[in-house]
Amino acid sequence: ASARHVLERIWLLAISSSVLMSAFVIGRYRAKQHDTKLLEESLSPRLAKVGEWRWGGGAGAQRLTGFYRGERTLVYFRDPDMDAIESLPLIADSSGDVVLMRAPGPLAFEGPNDEVVHPLLVYADLLMEGHDRAREAAAEVHRRFLEVRS
């Protein structure tokens, strides 16, 4: 195995730890809007008031590959304004499908565009969803953005 592959595996094991991941969770919410496209359209202009942000998980994967969206919406923030979160049209819900997260470091925002976190984080998010469709999407993100080509 290449050094890159080993490092990627170590990072995935660490980030998928529920203890470590919970340290990045700002909160889980539900939205009145259940249609994910309409939810994103209504949230996008408001998220900038909270801080610099990017899509993760299925929303990120869809933007990277066009392959999968899923029901869960992950948003990562760099230095979020916690008071501004209260102005978002979201209702706190421990089982909600909208998850607001702190970016796990400065490289998280080094994605291929200014809408999506780094593909490795999108990949990890999808693997943690734990179902076949998300794993297929993770494999596609890996194939397109994380495989080392010679």
Side-chain angles (χ1 to χ4, degrees), residues 8-147:
E8 184 180 298
R9 285 281 164 230
I10 291 169
W11 185 86
L12 284 171
L13 285 170
I15 199 75
S16 64
S17 157
S18 60
V19 172
L20 179 60
M21 203 56 178
S22 66
F24 298 113
V25 174
I26 295 169
R28 290 186 70 119
Y29 303 85
R30 66 183 150 85
K32 293 177 185 171
Q33 179 54 258
H34 295 289
D35 179 284
T36 55
K37 183 175 174 51
L38 295 175
L39 170 65
E40 288 177 13
E41 288 173 3
S42 71
L43 273 182
S44 290
R46 296 173 168 154
L47 293 172
K49 293 176 182 154
V50 176
E52 187 179 2
W53 65 277
R54 302 282 188 277
W55 299 111
Q62 184 177 48
R63 285 167 173 78
L64 291 174
T65 67
F67 181 66
Y68 172 81
R69 171 59 176 83
E71 297 301 313
R72 198 166 70 152
T73 301
L74 268 76
V75 180
Y76 285 89
F77 291 97
R78 184 188 332 242
D79 301 321
D81 175 348
M82 301 305 284
D83 292 331
I85 288 174
E86 293 177 19
S87 70
L88 296 174
L90 301 170
I91 300 159
D93 182 341
S94 61
S95 61
D97 286 337
V98 179
V99 185
L100 304 183
M101 309 278 292
R102 284 181 183 81
L107 295 179
F109 279 36
E110 298 295 322
N113 63 52
D114 63 0
E115 289 187 299
V116 180
V117 292
H118 192 283
L120 187 56
L121 193 50
V122 172
Y123 176 70
D125 291 341
L126 292 168
L127 289 179
M128 285 187 282
E129 284 193 29
H131 57 81
D132 291 344
R133 190 86 168 101
R135 280 189 290 276
E136 289 171 14
E140 184 65 15
V141 168
H142 192 277
R143 186 185 69 74
R144 291 192 192 185
F145 295 94
L146 301 173
E147 280 183 5

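- Summarising the geometry of V122 relative to G56, their closest heavy-atom pair is CG2-CA, 4.4 Å, with the distance given to 0.1 Å.
- Listed here is the closest heavy atom pair of V116 and R63: CG2-CB, 3.7 Å.
- The two residues V25 and R102 make their nearest non-hydrogen contact at O-NH1, 4.1 Å.
- When all heavy atoms of Q33 and L39 are compared, the closest pair comes out as CG-N, 3.4 Å.
- The structure places CG of L47 at 6.0 Å from CG of L88, a figure rounded to the nearest 0.5 Å.
- The pair R54-E52 meets the salt-bridge criterion, with a side-chain N (NZ, NE, NH1 or NH2) lying under 4.0 Å from an Asp/Glu carboxylate O.
- In this structure the side chain of F109 reaches within 4.5 angstrom of the side chain of Y76, judged on heavy atoms.
- Atom OG1 of T36 and atom CD of E41 lie 10.0 Å apart (nearest 0.5 Å).
- Nearest heavy-atom pair, L126 versus A61, reported as atom, atom and distance to 0.1 Å: CD1-CB, 3.7 Å.
- Taken from NE2 in H34 to CG in D97, the straight-line distance is 9.0 Å, to the nearest 0.5 Å.
- Two residues are said to be in side-chain contact when any heavy atoms from C-beta on lie closer than 4.5 Å; V117 and W55 fail this criterion.
- A salt bridge is absent between R133 and E71; no separation between the charged side-chain nitrogens and carboxylate oxygens falls under 4.0 Å.
- Nearest approach of P104 to L121, heavy atoms of both residues: CD-CD2, 3.8 Å.
- Between F145 and H118, the closest side-chain pair of non-hydrogen atoms is not below 4.5 Å.
- Between I26 and V99, the closest side-chain pair of non-hydrogen atoms is not below 4.5 Å.
- Atom CZ of R72 and atom CG of D125 lie 6.5 Å apart (nearest 0.5 Å).
- Considering OG1 of T73 and CZ of R28, their distance stands at 11.0 Å, rounded to 0.5 Å.
- For T65 (side chain) and Q62 (main-chain N/O), no donor-acceptor pair under 3.5 Å exists by modelled atom type.
- Residues P119 and H142 form no side-chain contact, since every pair of their non-hydrogen atoms from C-beta on lies 4.5 Å or further apart.
- Using a distance-only test at 3.5 Å, with no hydrogens or angles considered, no donor-acceptor pair links the side chain of E129 to the main chain of H131.
- Counting only residues at least two apart or in different chains, salt bridge (Lys or Arg N to Asp or Glu O under 4.0 Å) contacts with residues 81-94 comprise R30-D93.
- The NZ atom of K32 sits 11.0 Å away from atom OG of S42, with the distance rounded to the nearest 0.5 Å.
- Y29 places none of its side-chain heavy atoms less than 4.5 Å from the side chain of I91.
- Both the sub-6.0 Å distance and the 45° axial angle are not jointly satisfied by R135 relative to the ring of Y68.
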